[in-house]
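Naming convention: chains lettered A, B, ... in sequence-line order (proteins, then strands); numbering from 1 in each chain. Just so it is clear, the model here is predicted, and its values are computed rather than measured.
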Number of protein chains: 2
Amino acid sequence: MNDVARHAGVGLKTVSRVVNGEPRVSSAMVQRVRQAIEDLGFRRHEGARLLRRGRTACVGLVLEDVADPFSSALTRAVESEAWANGFLLLTGSSGEDAVQERELTLAFCAGRVDGVVVVPAGDDHRYLAPEIEAGVAAVFADRPAGRIEADAVLVDNTGGARLGVGHLLEQGHRRIGHIGDAEGIFTAGERQRGYREALEAAEVPYDPSLVARGPVEQEFIRHALDRMLAGPEPVTAVFTGNNRATVAVIRDLATRERRPALVGFDDFELADMLSPAVTVVAQDAAVLGRTAAQVLFQRLGGDVSSARTIELQTRLIPRGSGEIPA
Amino acid sequence: MNDVARHAGVGLKTVSRVVNGEPRVSSAMVQRVRQAIEDLGFRRHEGARLLRRGRTACVGLVLEDVADPFSSALTRAVESEAWANGFLLLTGSSGEDAVQERELTLAFCAGRVDGVVVVPAGDDHRYLAPEIEAGVAAVFADRPAGRIEADAVLVDNTGGARLGVGHLLEQGHRRIGHIGDAEGIFTAGERQRGYREALEAAEVPYDPSLVARGPVEQEFIRHALDRMLAGPEPVTAVFTGNNRATVAVIRDLATRERRPALVGFDDFELADMLSPAVTVVAQDAAVLGRTAAQVLFQRLGGDVSSARTIELQTRLIPRGSGEIPA
DNA sequence: CTGAAAGCGCTTACAG
DNA sequence: CTGAAAGCGCTTACAG
């Protein structure tokens with residue numbers, strides 16, 4: 001910008017005025033500065049501008065894994081919202097690792113973003129307190145913050161699970177297995193709770209031996225199904241707690257004779273094209289992302305009301321696999 | 001940092017030295033500064049640091065749409081590579097719009113990133129020439145740059161298409177339809193060329209009436225298949241140019257009696273679980289992203305050799321749909 | 001309408 | 001080993 005001023009033979013401030021389209025500049029000046037900008041191929045350095053203004057016009061998004069369809073749909077929504085507000089988006093995947101989540105988030109906060117949307121991997125976010133104090137806005141998505149007060153946009157996991165399991169109970173099932181993510185993952189715990197609540201509401205005894213929570217690997221799924229389908233009272237239906245588990249169960253069932261009913265939490269591409277088509281409890285990642293971003297921009301816009309939690313509803317999509325009778 | 005210096009009663013530079021772990025600082029000083037940092041909850045402002053150093057330690061990634069599985073796998077790979085090099089990643093989707101691609105890319109270049117990986121939507125990238133001149137590194141992924149010299153990492157689309165169509169020819173098919181993306185999309189043109197080359201190599205006449213290129217919408221696909229499957233010489237096989245088209249064709253065929261053989265370009269989740277399982281020509285988005293990022297970091301590391309193009313190979317995955325005989 | 005000065009938070013030479 | 005000065009590229013008051 002200094003170069004431009006010199007080239008145009010005007011003051012630095014005049015260049016700044018032209019570049020920022022401020023009024024009260026004579027057209028002769030504007031002309032000269034424009035020409036100089038053209039000649040030198042000048043483009044304003046946003047980094048410097050924003051340093052001076054105390055803002056970055058960037059927001060950060062910390063995900064579990066961008067490559068996951070849920071995360072990428074969420075990303076797309078946050079991105080649109082950011083762009084609409086004139087912000088750019090920094091993204092990073094934690095790989096479901098609390099340390100990586102922390103490092104990424106803090107790297108974003110170190111003067112690179114004005115706010116962050118975090119899909120947390122860990123359960124202790126006290127490390128964010130100083131950043132929030134310093135003015136960084138933070139919104140948690142899909143899972144709540146741990147040990148600090150912060151805005152969160154969640155899905156009604158418990159209600160969704162009740163919906164799915166309730167649907168199986170309506171078909172007459174009484175022996176319903178549940179396979180979900182490992183202990184320590186918030187959403188998985190909530191969904192298991194919903195599973196249990198649905199059973200209890202229907203006065204079906206909760207049987208811990210029908211629940212398997214662990215790493216969603218084919219091997220783990222196989223053992224879980226072996227167990228659930230064996231014995232004198234095998235399950236006649238399975239409720240899976242996430243779409244990787246759902247797909248893994250489908251793959252596994254393809255190798256077996258027995259065909260229990262199946263309802264999965266979270267929809268997935270081509271669920272309707274499998275046979276039987278897969279009944280799911282759908283959550284909307286795009287709405288989740290959009291809502292989280294909207295809350296973030298409200299905060300960045302000066303909203304200082306106390307932290308709030310928004311819970312999004314799920315919906316059941318019957319397609320066939322959940323309507324197999326007991 | 002100034003506050004820290006005052007609080008510790010030392011010079012600004014000493015604080016800088018401690019923060020940066022420079023040697024030649026007496027441990028007494030280190031102690032005092034550390035204490036002050038602790039007291040004030042100080043964290044270095046990366047934006048300011050990098051402004052001074054003339055770098056941003058960020059790279060940008062411009063995609064068609066993060067929500068697309070191909071894009072998100074690519075993103076994940078670029079992200080890992082960036083993080084490994086100590087860089088953060090800015091991402092944005094162009095929505096297959098050349099203007100949006102340009103705006104995003106230039107927004108990144110305006111002092112926010114040291115380099116960009118671009119999956120281009122447009123075919124004229126002269127707008128990037130001043131940025132490259134100014135020192136921004138640019139690598140194109142999946143599709144080449146238009147009207148400028150730049151590094152590109154591509155997939156052997158033509159070879160991949162020859163592979164897929166060749167496979168159908170081997171099963172005895174002679175009437176093979178092709179459905180692909182609209183004109184103007186580089187990869188679609190290359191794949192159509194491969195389709196044609198494969199036919200010609202097998203001395204099967206190229207029949208333009210068996211080719212449909214347009215927006216991948218269910219309606220468009222239906223019309224295309226109507227046409228291809230009608231008349232005295234209907235197609236006995238279809239080669240689709242991208243995975244959305246493949247899925248759309250599968251959905252459409254589910255409503256028809258005739259079941260032509262099918263090979264699709266680009267693999268997709270659950271392709272193996274459909275019936276019949278879908279034979280595809282697979283490209284590896286993760287390798288594409290990783291390679292593009294590696295080239296970018298070589299450039300950022302000072303490699304000034306002339307622009308180069310890397311072409312990645314595809315591979316055929318036979319699963320059933322492509323082995324239906326003529 | 002125009003411009004010289006100071007400063008955003010940091011680092012890079014340069015002296016002590 | 002330590003620090004005062006200048007400057008990265010821009011904007012915000014303040015004078016003319």
Side-chain angles (χ1 to χ4, degrees), chain A residues 1-34 36-37 40-58 86 106-114 130-131 134-136, chain B residues 1-34 36-37 40-58 86 106-114 130-131 134-136:
Chain A
M1 202 172 237
N2 241 316
D3 295 344
V4 175
R6 212 168 314 141
H7 189 90
V10 303
L12 179 60
K13 177 59 197 167
T14 302
V15 178
S16 175
R17 286 202 178 89
V18 173
V19 169
N20 291 301
E22 285 174 34
R24 295 160 198 275
V25 186
S26 72
S27 55
M29 279 288 172
V30 174
Q31 218 70 58
R32 271 206 289 174
V33 173
R34 289 250 168 83
I37 288 176
L40 276 58
F42 166 82
R43 287 180 31 85
R44 179 171 64 193
H45 188 294
E46 289 298 317
R49 169 171 206 239
L50 296 163
L51 168 62
R52 190 62 184 76
R53 307 195 90 189
R55 293 170 60 255
T56 65
C58 287
L106 288 178
F108 286 165
C109 288
R112 310 237 227 188
V113 301
D114 299 326
E131 307 299 334
V136 176
Chain B
M1 204 172 235
N2 240 317
D3 295 345
V4 176
R6 212 168 315 142
H7 189 91
V10 303
L12 179 60
K13 177 59 197 169
T14 303
V15 178
S16 176
R17 284 201 179 90
V18 173
V19 169
N20 292 300
E22 285 174 35
R24 295 159 197 276
V25 186
S26 72
S27 55
M29 279 288 171
V30 173
Q31 217 70 57
R32 272 206 288 172
V33 172
R34 287 249 169 84
I37 287 176
L40 275 57
F42 167 82
R43 286 181 28 87
R44 179 171 64 190
H45 189 294
E46 289 298 318
R49 170 172 207 237
L50 295 162
L51 169 61
R52 191 60 184 77
R53 306 195 91 188
R55 293 172 58 258
T56 65
C58 287
L106 288 178
F108 287 164
C109 287
R112 309 238 226 187
V113 300
D114 299 325
E131 306 299 334
V136 176

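For A:Arg52 against D:dG9, no side-chain N or O and base N or O form a donor-acceptor pair under 3.5 Å. Between the side chain of A:Arg17 and the base of C:dG3 there is at least one donor-acceptor pair of N/O atoms closer than 3.5 Å.
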Exercise for review: Run the numbers on A:Leu51 and A:His45 for side chain to side chain contact (heavy atoms under 4.5 Å, CB included), then give the verdict.
Suggested key: CA-CA 10 Å; A:Leu51 168 62; A:His45 188 294; over 6 Å; no

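Considering only side-chain N and O atoms, A:Thr14 lies nowhere under 4.0 angstrom from the phosphate OP1 or OP2 of C:dC1. For the pair A:Arg44 and D:dT11, the criterion of a side-chain N or O lying under 4.0 Å from OP1 or OP2 is met. OP1 or OP2 of D:dT11 lies within a sub-4.0 Å distance of a side-chain N or O belonging to A:Asn20. Using a 4.0 Å cut-off, no side-chain N or O of A:Ser16 falls inside it from OP1 or OP2 of D:dC10.
In this structure, the separation between CD1 on A:Ile37 and CE on A:Met1 is 7.5 Å, given to the nearest 0.5 Å. Taking CD from B:Glu46 and CZ from B:Arg53, the interatomic distance works out to 9.5 Å, rounded to the nearest 0.5 Å.
In this structure, B:Arg24 reaches the bases: a heavy-atom distance under 4.0 Å links it to at least one base atom across the strands shown. Using a 4.0 Å heavy-atom cutoff across all strands shown, B:Val10 reaches sugar-phosphate atoms only and no base atom. Using a 4.0 Å heavy-atom cutoff across all strands shown, A:Leu50 reaches no nucleic acid atom at all.
Atom CD in B:Glu22 sits about 14 Å away from atom P in C:dC10, given to the nearest Å. Atom-to-atom, CD of A:Gln31 to P of C:dC1 comes out at 16 Å; the value is rounded to the nearest Å. One interatomic measurement links the two molecules: CD of B:Glu46 to C1' of D:dC8, which rounds to 15 Å at whole-angstrom precision. In this entry the distance linking CG of A:Leu12 with P of C:dA6 reads 14 Å, nearest Å. What separates CE of A:Met1 from C1' of D:dG7 is a distance of 17 Å, to the nearest Å. The interatomic distance linking B:Leu51 (CG) with D:dG9 (P) rounds to 7 Å, in whole Å. Note: CG (A:Asp114) to C1' (C:dC8) measures 14 Å, nearest angstrom.
Residue order along DNA chain D, read from the 5' end via each residue's closest nucleotide, puts B:Ala48 first among A:Lys13 and B:Ala48.
The side chain of B:Arg53 lies closest to C:dT11 when the candidates are C:dT11, C:dC8, D:dG3. Distances from the side chain of B:Phe42 to the nucleotides C:dT2, D:dG9, C:dC10 place C:dC10 closest. For B:Met29, the side-chain atoms get nearest to D:dG3 when compared with the rest of C:dG3, D:dG3, C:dT11. Closest to the side chain of A:His45, from the set C:dC10, C:dT2, D:dG9, is D:dG9.
Residues B:Arg49 and B:Asn20 have side chains in contact (heavy-atom distance under 4.5 Å, counting atoms from C-beta outward). Between A:Arg43 and B:Leu106 there is a side-chain heavy-atom pair separated by less than 4.5 Å. In this structure the side chain of B:Val10 never reaches within 4.5 angstrom of the side chain of B:Arg17, judged on heavy atoms.
Atom CD of B:Glu22 is surrounded by more than 12 heavy atoms from other residues, nucleotides or ligands within 6.0 Å.
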Point to revise | Pair pattern of DNA chain D in dot-bracket, where unpaired bases get dots and | marks partners in another strand, Watson-Crick or G-U under 3.5 angstrom | key: |||.||||||||.|||

